[in-house]
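For reference, the structure is listed below as structure tokens.
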Amino acid sequence: KVPLAACQKAVKALKEILKDYSGKAELILENAAGAGSIIGSDLDQLAFFIKKVKGVGGICFDTAHAFESGIDLRTKEKVKKALDLIENKIGINKLKLIHLNDSATKLGSNSDRHAHLGFGELGKTPFIVLVKDRRLKNKNFILETPTLEGMKRDLKFLKSIRSST
């Protein structure tokens, strides 16, 4: 667990970054895989930053990072539970983007290694559930998988899910 003092330093840094910004684009924070003493692998930390820093508009939820930081997404029920956590701790309205990628490493490994959808530790289930979840109907998804050829296959898989809903 990252000490509160470290999170407070991050808040100060975020405020400094945003202090003179007046544009319309929002800063969003992505959940991390949790290697070392990195900040942001915990939904409570991300909620803390959103609450404390005006100008942080929300989060990008990365599926591999979530799994690698200890959020199990391998079953329909566990994906729904993760979305409920996001909804309760941060708010679905603050979920701005989802990075879809499988994990090449085990649950809780804290190692950021992406894999193609269905070819890693997560399997295909979480991606089917995420694409079909009504709360995410108007959310943007970005594939963040390793190779162009594999990404084409991933996109075809995702489109097949979308067309079956």
Side-chain angles (χ1 to χ4, degrees), residues 1-75 77-117 120-123 125-127 129-131 133 135-136 138-146 151 154:
K1 199 83 171 167
V2 176
L4 179 59
C7 289
Q8 290 170 331
K9 277 186 174 181
V11 164
K12 186 177 178 183
L14 287 166
K15 285 180 178 179
E16 180 66 24
I17 291 165
L18 292 167
K19 79 175 181 189
D20 295 323
Y21 180 70
S22 61
K24 292 182 181 178
E26 292 180 309
L27 174 65
I28 61 173
L29 304 175
E30 181 176 345
N31 61 308
S37 58
I38 198 160
I39 296 174
S41 60
D42 181 291
L43 292 176
D44 288 323
Q45 292 169 3
L46 296 175
F48 178 79
F49 298 138
I50 291 168
K51 181 180 175 186
K52 296 288 186 183
V53 184
K54 185 179 187 236
V56 174
I59 68 164
C60 168
F61 184 73
D62 184 297
T63 54
H65 294 177
F67 184 74
E68 293 155 353
S69 70
I71 299 173
D72 196 346
L73 300 170
R74 292 176 287 192
T75 67
E77 296 75 25
K78 289 176 180 177
V79 173
K80 296 280 186 187
K81 182 179 175 184
L83 288 173
D84 290 345
L85 275 173
I86 292 170
E87 189 167 24
N88 293 329
K89 291 178 181 285
I90 294 170
I92 286 294
N93 62 321
K94 296 285 186 185
L95 175 59
K96 304 291 183 168
L97 183 65
I98 298 104
H99 279 176
L100 293 177
N101 40 67
D102 208 326
S103 175
T105 61
K106 303 278 184 204
L107 176 67
S109 68
N110 300 126
S111 182
D112 185 3
R113 301 288 180 269
H114 296 184
H116 289 286
L117 307 185
E121 295 293 321
L122 289 169
T125 298
F127 308 107
V129 176
L130 289 166
V131 169
D133 192 285
R135 295 173 285 187
L136 306 181
N138 296 312
K139 302 295 181 184
N140 291 309
F141 293 84
I142 292 178
L143 274 173
E144 201 182 36
T145 52
M151 197 176 284
D154 295 338

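All values below were derived from every heavy atom in this structure, side-chain atoms included, with hydrogens, water molecules and symmetry-related copies excluded.
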Requested in this report: Please assess L107 against R74 for the test side-chain contact (heavy atoms from CB on, under 4.5 Å), listing each intermediate value before the final yes or no.
Outcome: CA-CA 10 Å; L107 176 67; R74 292 176 287 192; 3.6 Å; yes
Requested in this report: Mind running salt bridge (charged side-chain N to carboxylate O under 4.0 Å, His left out) on D44 and K51 for me, showing each step along the way?
Outcome: CA-CA 10 Å; D44 288 323; K51 181 180 175 186; over 6 Å; no
Query raised in the report: Can you list the steps and then say if I59 with N31 is a side-chain contact (heavy atoms from CB on, under 4.5 Å)?
Result: CA-CA 7 Å; I59 68 164; N31 61 308; 6.0 Å; no
**Report entry** side-chain contact (heavy atoms from CB on, under 4.5 Å) evaluation trace for N110 with I38
**Finding:** CA-CA 10 Å; N110 300 126; I38 198 160; over 6 Å; no
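Considering only residues two or more places apart in sequence or on other chains, D102 meets the side chain to side chain contact (heavy atoms under 4.5 Å, CB included) condition with A115, L122, F127. Partners of A33 under the side chain to side chain contact (heavy atoms under 4.5 Å, CB included) rule, at least two apart in sequence or in another chain, are H65, E68, D112. With sequence neighbours excluded, the residues forming a salt bridge (Lys or Arg N to Asp or Glu O under 4.0 Å) with E16 are K19, listed by chain and number. Under the rule for a side chain to side chain contact (heavy atoms under 4.5 Å, CB included), K81 has no partner lying at least two apart in sequence or in another chain. Considering only residues two or more places apart in sequence or on other chains, E144 meets the side chain to side chain contact (heavy atoms under 4.5 Å, CB included) condition with E30, D62, H99, N101, H114.
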All N/O donor-acceptor pairs, side-chain side in residues 2-13, below 3.5 Å, sequence neighbours left out:
none

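Expressed to the nearest 0.5 Å, how far CG of L117 lies from OG1 of T63 amounts to 7.5 Å. For the atom pair K89 NZ and I50 CD1, the distance stands at 12.5 Å (nearest 0.5 Å). Rounded to the nearest 0.5 angstrom, L97 CG and I142 CD1 are separated by 4.0 Å. Put simply, NZ on K54 and NZ on K15 are 11.5 Å apart, with the number rounded to the nearest 0.5 Å. In this structure, CD on E77 lies 11.5 Å from CG on D84, to the nearest 0.5 angstrom.
Here the shortest heavy-atom pairing between T75 and T125 reads C-CG2, 4.0 Å. Taking every heavy atom of both residues into account, I86 and F61 meet most closely at CD1-CD1, 3.6 Å. Closest of all the heavy-atom pairs between V79 and L73 is CG2-O, 3.3 Å. The heavy-atom pair separating I28 from G57 by the smallest distance is CG2-C, 4.5 Å. Counting all heavy atoms, side chain and backbone alike, I92 lies closest to L83 at CD1-O, 4.1 Å. In plain terms, the two heavy atoms of I39 and A32 that are nearest each other are O-CB, 4.2 Å.
Of the possible donor and acceptor atoms, one in the side chain of T105 sits under 3.5 Å from a partner among the backbone N and O of S111.
The one candidate from K80, K106, K78 that meets the salt bridge (charged side-chain N to carboxylate O under 4.0 Å, His left out) condition with D72 is K78.
Around atom NZ of K96, more than 12 heavy atoms belonging to other residues, nucleotides or ligands sit under 6.0 Å away.
Residues L100 and D154 form no side-chain contact, since every pair of their non-hydrogen atoms from C-beta on lies 4.5 Å or further apart. Using a 4.5 Å cut-off on side-chain heavy atoms (C-beta onward), L29 and L14 make contact. Under the 4.5 Å side-chain criterion, counting only non-hydrogen atoms from C-beta, L130 is in contact with F141.
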